[in-house]
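Working notes for the structure below.
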Amino acid sequence: MDPSRLDPAIAATCTTCRFAEDKSNYWTAVMYFRHPNGSYIRVPQMANHNTGPGLQAGGMTIYYFQPGPPTKDLNVVAFAPGFRMIVGHPMRRTDDIPDTSPEYRQTSYRCFEDEDPLANAVPGYPGDTFHLPNKFCPHGIRSNIYFPQCWDGVNLDSPDHSSHVAFPGDTSTTGLHIFGTDCPSTHPVRLPLLFIEIIWDTRPFSDPALWPTDGTQPFVFSMGDPTGFGQHADYLFGWEGDSLQRAMEVCTSGDGVPWSCPVLTTQDMDTMNNCRQANKISEVVEDHYIDRLPGCNPLQPGPISATQAPDNCGAQTTWLPSAPTPTAAPAVVTPPYTVCWDEKSPTTWGALVPKCNSKPTKANSGPGPAATTLF
């Protein structure tokens with residue numbers, strides 16, 4: 001994308017991210033629940049573990065990881081203005097990626113059967129699934145999405161939005177392909193590892209009477225995927241100036257607490273939640289049961305690859321000429337777990353969890369208190 005035509009860092013007036021400098025676009029398909037009568041309703045998203053204080057209105061958690069030894073080249077280059085990429089295959093409907101491929105673990109799911117599932121286990125390894133869980137998840141389902149970390153060093157985009165980037169080549173069972181391997185010669189430039197987590201609040205749909213009787217599960221992504229193999233995500237870089245590069249050079253503690261990074265500006269949760277876009281299409285897609293998926297995407301369970309929805313299905317394709325910016329407070333889901341540490345309750349997350357009394361302000365660029373481990 002030509003940054004002279006559209007640069008989110010310049011065009012955006014606010015951000016839903018904790019760091020005010022991050023105006024990037026992060027996109028994934030959304031999840032729907034399919035009622036036994038064939039209608040659909042959007043599954044809410046809820047705040048992730050360790051994202052407080054305050055409750056995020058849906059959204060996702062974004063990580064920027066840096067490689068460590070035994071990686072030979074530890075020089076990480078920030079994304080450039082105009083950079084974009086996609087990960088995953090929206091038409092995929094079966095587990096057809098060989099487990100020897102670096103792409104094998106790019107998308108996965110974690111079934112939250114209790115408050116602290118698998119604690120700090122590496123996503124995409126034993127305990128997680130590559131298909132949507134086919135059982136009740138009392139505390140929700142988490143999507144885990146890894147983007148490629150290696151760039152050809154030339155192209156900000158490519159026709160398929162993915163061939164200009166690549167995954168490192170390691171396929172071990174230790175998780176080294178995520179943090180400690182080297183880029184192929186075709187894509188020699190090391191990028192930050194972009195990782196996304198999304199928690200879907202499946203609690204309202206746990207009534208066994210609402211589930212299929214054939215042993216399948218009732219959740220489906222908006223592009224008509226009931227398998228989960230088609231999970232995918234898009235990224236459009238939009239950090240202001242050199243802020244991401246500075247953060248990678250300075251903020252290396254790895255504790256995940258935003259205000260431990262003194263070179264970036266943190267926002268309070270109200271500021272984040274109130275950065276909202278008006279609907280651009282006159283189509284009901286949430287809060288009510290609908291007869292068909294958005295864009296009239298047909299349900300395609302596979303195992304053959306899905307096909308494009310027909311052009312003449314009657315789906316809305318015209319943007320509204322003008323739409324008022326939402327003024328009502330955004331809906332916030334209270335998760336069945338804590339998002340910060342009260343310094344009293346036991347926690348297995350240790351220093352990865354922010355204290356509940358650490359209050360970021362609308363412009364707090366200084367470091368704040370981080371949690372200490374409680375055993």
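- Remark: D242 pairs with R246 by the salt bridge (Lys or Arg N to Asp or Glu O under 4.0 Å) rule, at least two apart or across chains.
- Using a distance-only test at 3.5 Å, with no hydrogens or angles considered, no donor-acceptor pair links the side chain of R203 to the main chain of G140.
- Q45 places a side-chain N or O within 3.5 Å of a backbone atom of G59 that can act as its donor or acceptor partner.
- Within 6.0 Å of CG on D160 lie more than 12 heavy atoms contributed by other residues, nucleotides or ligands.
- The hydrophobic cluster containing Y146 does not contain F229, counting ILVMFWY residues as joined when their side-chain heavy atoms lie under 4.5 angstrom apart, directly or transitively.
- I304 CD1: 12 or fewer foreign heavy atoms inside a 6.0 Å radius.
- Judged by distance alone, the side chain of Y109 and the main-chain N or O of G228 form a donor-acceptor pair under 3.5 Å.
- Looking at K72 and D182, a side-chain N of the basic residue comes within less than 4.0 Å of a carboxylate O on the acidic one, giving a salt bridge.
- No salt bridge links D287 with R42; every basic N to acidic carboxylate O contact stays at or beyond 4.0 Å.
- Stacking of R105 on the aromatic ring of Y125 is recorded, both the 6.0 Å distance cut-off and the 45° axial limit being met.
- A salt bridge links D95 with R92: the closest approach of a Lys/Arg side-chain nitrogen to an acidic carboxylate oxygen falls below 4.0 angstrom.
- Scored by the salt bridge (Lys or Arg N to Asp or Glu O under 4.0 Å) test, E197 finds R142 as partners (sequence neighbours excluded).
- Only one option out of W239, F147, Y235 pairs with F79 in a ring-ring contact (aromatic ring centres under 6.0 Å, His included); it is Y235.
- Within the 3.5 Å criterion, the main-chain N or O of S282 finds no donor-acceptor partner in the side chain of N279.
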